2 protein chains.
Amino acid sequence: MRDVATMAGVGIATVSRVVNGKPGVTPDLAEKVTRAAELLGYRHDMTASSLRRADRRTHTLGLILEDAANPFSAALHRAVEDTAAERGVLVLAGSTDEDPVRERGLVRTFTARRVDGLIVVPTGRTDTDLDAARGAGTPVVCVDRPTSVREVDTVTVDNRAGVRAAVGRLHAAGHRRIAFLGDLPTIWTAEERHAGFVEGLAETGSVLHPALVRRAVHGVEAAQEATRELLALPRPPTALVSGQNLVTVGVRKTLQDLRRQHDVALIGFDDLPFADLLDPGISVIAQDPVAIGREAATLLFDRVDGDPGPARHRVLTTRYLARGSGELPGPGGV
Amino acid sequence: MRDVATMAGVGIATVSRVVNGKPGVTPDLAEKVTRAAELLGYRHDMTASSLRRADRRTHTLGLILEDAANPFSAALHRAVEDTAAERGVLVLAGSTDEDPVRERGLVRTFTARRVDGLIVVPTGRTDTDLDAARGAGTPVVCVDRPTSVREVDTVTVDNRAGVRAAVGRLHAAGHRRIAFLGDLPTIWTAEERHAGFVEGLAETGSVLHPALVRRAVHGVEAAQEATRELLALPRPPTALVSGQNLVTVGVRKTLQDLRRQHDVALIGFDDLPFADLLDPGISVIAQDPVAIGREAATLLFDRVDGDPGPARHRVLTTRYLARGSGELPGPGGV
DNA sequence: TTGAAAGCGTTACCAG
DNA sequence: CTGGTAACGCTTTCAA
């Protein structure tokens with residue numbers, strides 16, 4: 001920048017003004033500066049810029065996901081990216097794999113880089129760190145799951161209602177032995193979905209068969225095994241509710257291995273790519289990752305802009321997508 | 001940091017040494033500094049740090065994808081993230097949607113942020129910008145597609161060989177009317193895959209029916225329509241080769257709409273999540289996004305570390321995954 | 001071993 | 001409208 005200034009025969013301050021498109025520079029001078037910058041191959045340094053700037057904005061935001069490769073995360077990421085891009089903000093992303101240690105590390109490095117804000121899918125065991133970041137001036141929005149710290153904004157989904165309604169449908173279709181397969185109990189959504197399952201049974205006046213409830217089923221393989229075990233029971237379930245997308249895949253794999261996909265009903269939580277191409281299609285309780293991401297980014301930018309209001313907790317609804325697997329009739333008759 | 005220094009009653013330089021874990025500080029003093037930092041809630045500022053540092057590393061890398069939400073991109077992203085994390089490097093990601101203007105913008109903002117390096121899936125129409133970045137000292141690795149600038153490192157896949165082999169399989173299974181549906185011709189991989197198709201026909205001594213070659217098929221809907229048109233031909237194809245993952249989805253959707261998935265063969269390029277759950281499973285020519293991402297990051301870090309050697313062009317191979325749809329027999333008989 | 005001071009590239013302030 | 005200068009938070013050099 002100094003070089004540009006001397007080459008253009010102007011002060012360094014003027015170069016800064018031109019570079020930042022500030023008004024009040026004689027077009028003549030501005031022209032000279034632009035030319036000099038061009039000639040010297042000058043590249044503006046945003047890091048130095050935000051260091052000196054009054055607002056100290058880095059125009060960067062941190063996104064902490066469970067796993068960037070998961071379709072849900074990927075869609076969320078893209079939605080955040082798009083709404084951030086509208087403000088000229090870039091997204092720094094990292095995956096925790098549900099490991100609180102990694103989450104803590106990411107929060108630390110992100111704040112060390114002075115991101116303008118943090119969007120986090122919290123593992124649920126680093127609340128104090130998240131709160132520390134917030135206390136230190138980095139706005140935080142929790143996504144998909146809340147935190148124990150009530151002061152942070154959250155965007156979640158009404159998991160309970162979604163599963164409850166699904167159970168209601170299965171009951172109405174005649175199912176009386178409905179099983180549930182849920183993810184790790186440390187994950188808030190897994191617990192909520194499980195609670196929704198219990199509530200759904202209660203609402204329909206059904207009995208809860210403990211043998212038909214499998215928790216801590218994490219990943220495709222675990223789901224396959226759990227499904228095999230459930231179907232091998234003396235009195236097996238006639239319908240399955242899966243609490244997570246990879247679990248749904250595992251369940252369905254086993255169902256197909258056993259050629260039972262046409263007689264055992266299945267409803268999964270969270271949509272899957274191409275679930276509608278299967279036969280029968282997999283009925284799911286779908287969330288809208290794009291809406292979630294957009295909402296989270298919007299809330300975050302409000303805070304970045306200085307909104308001091310009380311914490312907002314957005315709860316989006318789920319949508320049931322009937323595609324066949326959830327509509328298979330049960331023996332309870334209608 | 002100044003506050004920490006005064007509170008600990010030491011010089012600011014000592015604080016810097018302690019924070020960076022540099023040797024040669026009396027344990028006694030180090031202890032005092034750590035305590036003061038703790039008490040004051042001191043957070044190291046990496047941006048200021050890298051501004052002053054001799055190597056000027058930001059420990060950040062830019063990743064430019066076609067679309068962060070695409071499964072291939074997501075997997076690539078995760079692989080890059082993981083190998084970057086090993087070096088304490090964070091990943092800044094952006095999507096171009098095949099728009100050279102957006103790509104140029106991303107290259108600019110990334111370099112303005114002084115990323116240590118750039119991993120790019122180039123749209124193929126901003127080669128000069130990419131080269132400018134490289135010229136300005138930011139190492140660049142192109143992924144999935146090469147650039148016209150020979151000096152930049154690339155990681156690609158042998159698209160031609162993959163498609164050629166697929167055509168060979170279809171021919172061997174008795175197919176004599178094989179159609180091809182390819183993405184936009186501006187995309188290098190689309191052209192390579194098309195070339196592989198033509199080569200495959202030639203190798204098997206088949207004739208190329210121009211009516212069976214559809215290019216510039218971009219996205220799911222376009223693929224659905226193109227498939228409908230192909231199957232409505234007076235002499236329709238008995239096998240389809242799709243050149244891109246979303247195209248494969250569209251093709252399959254139409255096939256199922258028409259209930260032809262069991263008699264029209266299909267081989268897609270690039271794997272799809274859960275493609276093996278379908279009936280018949282979709283046979284694909286698979287790439288390994290994780291290997292690609294890892295390799296790209298490795299090449300990049302070599303450059304970041306100062307490797308001045310000639311450009312390296314890694315070409316990974318594809319793997320054919322037989323899942324049924326590519327194994328449906330054709331009328332040519334075996 | 002320690003600290004004072006210079007300076008990374010930039011913007012903010014203030015005087016001209 | 002313009003330019004000199006201080007300062008952002010840090011690392012590096014150099015002298016003590």
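Below, each value reflects all heavy atoms present in this structure, side chains not excepted, and no hydrogens, waters or symmetry copies. Since the structure is predicted, the reported quantities are computational estimates derived from the model, not experimental observations. Letters go in sequence order (proteins before strands), and every chain restarts at 1.
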- Message: If we count only N and O atoms by modelled type, under 3.5 Å, do the side chains of A:S95 and B:E81 hold a donor and an acceptor together?
- Response: yes
- Message: Side chains of B:R53 and B:N20, heavy atoms from C-beta outward: is any pair under 4.5 Å?
- Response: yes
- Item | Nearest-Å distance for atom pair CZ/P, residues A:R113 and D:dC8 | 23 Å
- Message: Treating A:D97 as the side-chain partner and A:D99 as the backbone partner, does any N or O pair qualify as donor plus acceptor under 3.5 Å?
- Response: no
- Message: Measuring only between side-chain heavy atoms, which start at C-beta, is B:L61 closer than 4.5 Å to B:V80?
- Response: yes
- Message: With a 4.0 Å cut-off on N to O distance, would you call A:R87 and A:D305 a salt bridge?
- Response: yes
- Message: Any side-chain to backbone donor/acceptor pair from A:Q287 onto A:V157? Under 3.5 Å, distance only.
- Response: no
- Query: How would nucleotides 6-16 of chain C be written as a contact map, 5' to 3', with B for base contact, S for sugar-phosphate-only contact and - for no contact, using protein heavy atoms under 4.0 Å?
  - Reply: BBBBBBB----
- Message: So if I take residues 131-139 of chain B and measure heavy-atom distances to DNA chain C, which residues fall below 4.0 Å?
- Response: none
- Message: Is there a side-chain contact between B:R150 and B:H313 in this structure, where contact means two heavy atoms from C-beta onward sitting under 4.5 Å apart?
- Response: yes
- Query: Ignoring hydrogens and geometry, is there a side-chain-to-backbone donor-acceptor pair from A:E103 to A:T123 under 3.5 Å?
  - Reply: yes
- Axis-to-axis angle across the helix from C:dT1-D:dA16 to C:dG16-D:dC1, five pairs each end, nearest 10 degrees, ~ 40°
- Query: Under a 4.0 Å N-O cut-off, is there an ion pair linking B:D288 with B:R294?
  - Reply: no
- Message: With a 4.0 Å cut-off on N to O distance, would you call B:R303 and B:E151 a salt bridge?
- Response: no
- Hey, is the side chain of B:T14 poking within less than 4.0 Å of OP1 or OP2 on C:dG3, counting only N and O atoms? yes
